[in-house]
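We name chains A, B, ... by the order of the sequence lines, and we start the count at 1 in each one.
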Amino acid sequence: MSKPSLPQGTRDFNASVVRKRNYIFQTIRSVMESYGFQPLETPAMENLDTLMGKYGDEGDKLIFKILNNGLDNPAKQDSAKLEFEKILSGKNSKSLTERALRYDLTIPFARYVAMNHAQLTMPFKRYQIQPVWRADRPQKGRYREFYQCDADVVGSYSLLNEVELSNLYATVFKQLGIDVTIKMNNRKILAALAEICGGADKMVDITVAIDKLDKIGLDKVKEELSGRGLSDSQINTIENYLLIDGSNDEKIASLKKLIGENATGNKGIEELEWVLNYHQNSFVANHLQADFTLARGLNYYTGIIFEVKANNAQMGSIGGGGRYDDLTGTFDVPNIPGVGISFGVDRIYDVMEELQLFPAEVQTGTKVLFFNLGDAESKVAYSLMQSLRDKGIAAELFHENSKFDKQFKYADKKQIPYAVIIGSKELLENSVVLKNLISGDQQSLSNNELLSFAF
RNA sequence: GAGGGCAUAGCUCAGUAGGUUAGAGCGACAGUUUGUGGCACUGUAGGUCGUGGGUUCGAGACCCAUUGUUCUCCCCA
């Protein structure tokens with residue numbers, strides 16, 4: 001047996017990391033629950049048919065496929081070989097791979113809604129926190145297995161959903177202690193820009209280019225637009241659009257001038273203003289920023305789009321989302337619109353680590369270590385320990401009668417803050433020595449006093 | 001899908017122009033006379049230098065291949 005190792009792009013999480021991650025998950029979960037979202041979990045694997053063709057050509061390649069079982073059945077060997085030829089020529093073969101690992105949470109959710117829409121109470125609000133898998137080449141901050149954390153409302157056109165979701169973002173990050181800017185734009189505004197610049201068919205080219213603005217800068221975006229066949233005057237219009245600056249009100253005023261009479265554009269602006277105004281007297285308003293350079297790569301968005309950035313950290317977006325018209329059309333259930341957001345848990349973790357935002361109490365595991373100083377002594381210790389455990393206090397009894405030295409070192413390494421020492425003397429007196437391992441102070445307590453001690 | 005870097009003890013790494021028995025720190029374990037830890041000191045264990053070829057009198061070092069890993073681009077979270 002060679003050295004054990006992890007599959008590429010996967011990670012083990014040790015106790016300390018799991019505790020911190022759970023802190024993030026629990027914060028998000030509790031806020032989502034308080035907004036009336038319901039949990040949903042779907043299987044790690046889906047039928048390949050469910051996933052193929054939903055993520056574009058690039059995405060399809062990154063789906064982890066699962067090899068069918070039983071291919072070594074001698075009766076099937078000839079057909080298996082034949083089918084394998086298909087795979088080699090880039091096609092899929094249902095008789096070789098019928099299933100695949102979940103690539104994101106949105107398509108499984110859409111599949112779920114398509115299967116159950118008749119039973120669901122609309123609007124249906126669900127949240128989902130589960131791992132997804134991609135056969136991507138891993139690099140910094142990108143893994144083959146990672147968690148997504150989504151909340152969606154489907155079956156409603158109301159902008160109140162956008163208001164709630166932006167509020168949800170602001171609440172979660174406030175609770176986590178991360179100062180954020182929630183950027184908002186509207187795909188209708190981008191659509192209007194495309195119409196003004198010579199045609200709705202240019203919409204995808206324009207949004208893909210604009211989406212890169214942060215990364216590559218204005219000049220490169222102009223180059224890219226030119227490469228995609230836009231004229232100088234069209235690019236000039238887009239440049240003017242991208243340069244719009246100022247407060248939210250000032251930006252909207254400038255945009256209105258640029259958009260003019262365009263109906264789609266004005267609808268987009270109106271929606272944006274509606275959401276912004278709704279938050280007017282709330283703490284959310286301080287975090288909301290109209291940002292017309294926000295595009296989002298995904299093309300299924302049709303209305304308001306979001307992206308969240310941490311203000312005090314060098315980090316890309318830590319959340320994003322938006323409105324889409326037709327979640328389940330691909331599963332032959334039309335007319336179910338929705339709006340959703342997602343949290344980038346790994347990045348949130350990195351930001352919180354960088355800014356040291358994890359509360360210290362997230363780390364504590366065992367609170368009390370009972371020393372083991374012999375059979376009779378440890379029996380008393382064991383029963384006292386169980387009483388503490390019943391009260392919800394995490395406690396351990398050292399596994400064998402060892403020297404003090406060893407038992408102290410164990411407590412030290414596990415960062416256990418209290419030691420309870422019961423030796424022959426204490427055994428006779430029905431008492432214990434309780435030692436605070438951080439301060440070094442110790443006191444003698446009766447057994448009953450120990451049980452009512454405030455750890 | 002395209003292109004770089006790295007691979008030596010459990011971990012982090014050093015190994016100078018190829019030259020005897022491959023090193024350090026941390027960690028682990030044991031001890032410094034068994035009821036008070038973190039420190040310090042002493043000692044012990046642990047490596048066929050990722051794998052397979054090649055060059056050479058001689059390879060951890062140079063060349064080729066292979067596997068793993070990491071980073072960048074594409075794309076995305």
Side-chain angles (χ1 to χ4, degrees), chain A residues 2-12 14 54-63 90 102-106 128-150 208 211-212 214-216 220 224 295-300 306-309 315-321 340-351 369 371-374 377 381 398 400-429 431-444:
Chain A
S2 55
K3 273 191 189 177
S5 64
L6 280 172
Q8 192 177 34
T10 64
R11 299 161 285 172
D12 287 326
N14 66 30
K54 309 299 194 298
Y55 307 106
D57 291 344
E58 289 291 325
D60 282 354
K61 284 185 206 157
L62 300 182
I63 294 172
R102 189 202 293 136
Y103 179 87
D104 71 356
L105 300 180
T106 306
Q128 191 169 355
I129 303 175
Q130 288 190 280
V132 302
W133 294 269
R134 297 190 186 175
D136 204 357
R137 231 133 136 214
Q139 51 184 280
K140 197 178 180 72
R142 290 174 62 175
Y143 305 96
R144 286 184 153 185
E145 177 184 69
F146 61 97
Y147 272 74
Q148 285 195 334
C149 187
D150 286 13
V208 168
D211 191 42
K212 296 179 183 167
D214 265 358
K215 231 180 193 172
I216 62 178
K220 294 266 181 192
E224 175 136 359
R296 307 270 311 148
L298 284 86
N299 283 314
Y300 57 74
F306 300 104
E307 205 157 281
V308 184
K309 263 204 102 273
M315 180 65 76
S317 73
I318 54 177
I341 58 172
S342 89
F343 291 83
V345 174
D346 287 301
R347 284 183 171 182
I348 292 172
Y349 180 95
D350 288 344
V351 168
L369 178 70
F371 273 34
N372 186 332
L373 300 174
E377 291 88 343
F398 197 76
E400 60 191 6
N401 178 4
S402 308
K403 294 200 293 185
F404 267 62
D405 190 55
K406 277 209 149 193
Q407 310 203 30
F408 271 120
K409 276 187 177 158
Y410 180 80
D412 224 37
K413 288 206 173 119
K414 287 192 79 172
Q415 297 185 35
I416 299 171
Y418 290 98
V420 170
I421 300 166
I422 302 168
S424 47
K425 197 173 90 198
E426 287 78 13
L427 195 61
L428 290 174
E429 296 172 353
S431 70
V432 305
V433 169
L434 175 67
K435 177 156 183 161
N436 181 324
L437 295 174
I438 297 156
S439 65
D441 298 339
Q442 65 180 50
Q443 54 188 313
S444 184

Counting side-chain heavy atoms from CB outward, which of [options] is closest to [X]?
| X | options | result |
| --- | --- | --- |
| A/Lys140 | B/U36, B/U72, B/A77 | B/U72 |
| A/Arg134 | B/C75, B/G35, B/C76 | B/C76 |
| A/Gln148 | B/U70, B/A77, B/G37 | B/A77 |
| A/Ile421 | B/U69, B/G35, B/C75 | B/G35 |
| A/Gln8 | B/U32, B/C75, B/U69 | B/U69 |
| A/Glu58 | B/C75, B/U32, B/G35 | B/C75 |
| A/Lys409 | B/G35, B/C74, B/G37 | B/G37 |
| A/Lys425 | B/G35, B/C29, B/A77 | B/G35 |
| A/Asp136 | B/U69, B/G31, B/C75 | B/C75 |

Between [N] and [M], how far apart are the two [atom1] atoms, rounded to whole Å?
| N | M | atom1 | result |
| --- | --- | --- | --- |
| B/C62 | B/U56 | C1' | 10 Å |
| B/A45 | B/U51 | C1' | 27 Å |
| B/C49 | B/G18 | C1' | 15 Å |
| B/G37 | B/G31 | P | 16 Å |
| B/C63 | B/A7 | P | 13 Å |
| B/G23 | B/G47 | C1' | 11 Å |
| B/A30 | B/U20 | C1' | 33 Å |
| B/G58 | B/A22 | C1' | 16 Å |

Can you find a donor-acceptor N/O pair under 3.5 angstrom joining the side chain of [X] to the base of [N]?
| X | N | answer |
| --- | --- | --- |
| A/Lys435 | B/U36 | yes |
| A/Asp412 | B/G37 | yes |
| A/Gln442 | B/U36 | yes |

With sugar-phosphate meaning primed atoms plus P, OP1 and OP2, does [X] contact a base, only sugar-phosphate, or nothing at under 4.0 Å between heavy atoms?
| X | result |
| --- | --- |
| A/Gly320 | nothing |
| A/Gly423 | base |
| A/Gly59 | nothing |
| A/Ile318 | nothing |
| A/Lys406 | sugar-phosphate |
| A/Ser342 | nothing |
| A/Glu426 | base |
| A/Tyr147 | nothing |

Open item on the list: Check whether A/Asn372 reaches the backbone of A/Gly374 with its side chain - one donor and one acceptor, N or O, closer than 3.5 Å.
Closed with: yes
- [ ] Look only at the side chain of A/Arg296 and the backbone of A/Asp211, and say whether a donor-acceptor pair between them is shorter than 3.5 Å.
- [x] no
Spacing of [X] atom [atom1] relative to [N] atom [atom2], expressed in whole Å:
| X | N | atom1 | atom2 | result |
| --- | --- | --- | --- | --- |
| A/Asp405 | B/A30 | CG | P | 9 Å |
| A/Arg102 | B/A77 | CZ | P | 16 Å |
| A/Arg11 | B/A77 | CZ | P | 16 Å |
| A/Asn372 | B/U36 | CG | P | 17 Å |
| A/Phe343 | B/C76 | CZ | P | 22 Å |
| A/Leu369 | B/U36 | CG | C1' | 13 Å |
| A/Gln407 | B/G35 | CD | P | 11 Å |
| A/Gln443 | B/G35 | CD | P | 23 Å |

Beyond-backbone contact of [X] with [Y], side-chain heavy atoms, under 4.5 angstrom:
| X | Y | value |
| --- | --- | --- |
| A/Asp346 | A/Arg11 | yes |
| A/Phe404 | A/Ile421 | yes |
| A/Arg347 | A/Ser317 | yes |
| A/Phe343 | A/Ile318 | no |
| A/Pro131 | A/Arg102 | yes |

TODO: Check whether any side-chain N or O of A/Gln139 sits under 4.0 Å from OP1 or OP2 of B/U72, and answer yes or no.
DONE: yes
Task: A/Leu6 vs A/Phe146, nearer the 5' end of RNA chain B by closest nucleotide - done: A/Leu6
Open item on the list: Can you work out whether A/Leu62 or A/Pro138 has the more 5'-proximal nearest nucleotide on RNA chain B?
Closed with: A/Pro138
- [ ] May I ask you to decide if the ring planes of A/Tyr103 and A/Tyr55 are parallel, tilted or perpendicular, using 30° and 60° as cut-offs?
- [x] tilted
TODO: Drop me the distance from A/Leu373's CG to A/Leu427's CG, to the nearest 0.5 angstrom.
DONE: 10.0 Å
- [ ] Measure the NZ-CG distance between A/Lys414 and A/Leu437 for me, rounded to the nearest 0.5 Å.
- [x] 13.5 Å
- [ ] Determine which bases of RNA chain B form Watson-Crick or G-U wobble pairs with both distances under 3.5 Å, and write the result as a 5' to 3' dot-bracket string with | for other-strand partners.
- [x] (((((((..((((.....[...)))).(((((.......))))).....(((((..]....))))))))))))....
Task: Basic-acidic side-chain contact under 4.0 Å: A/Lys140, A/Asp350 - done: no
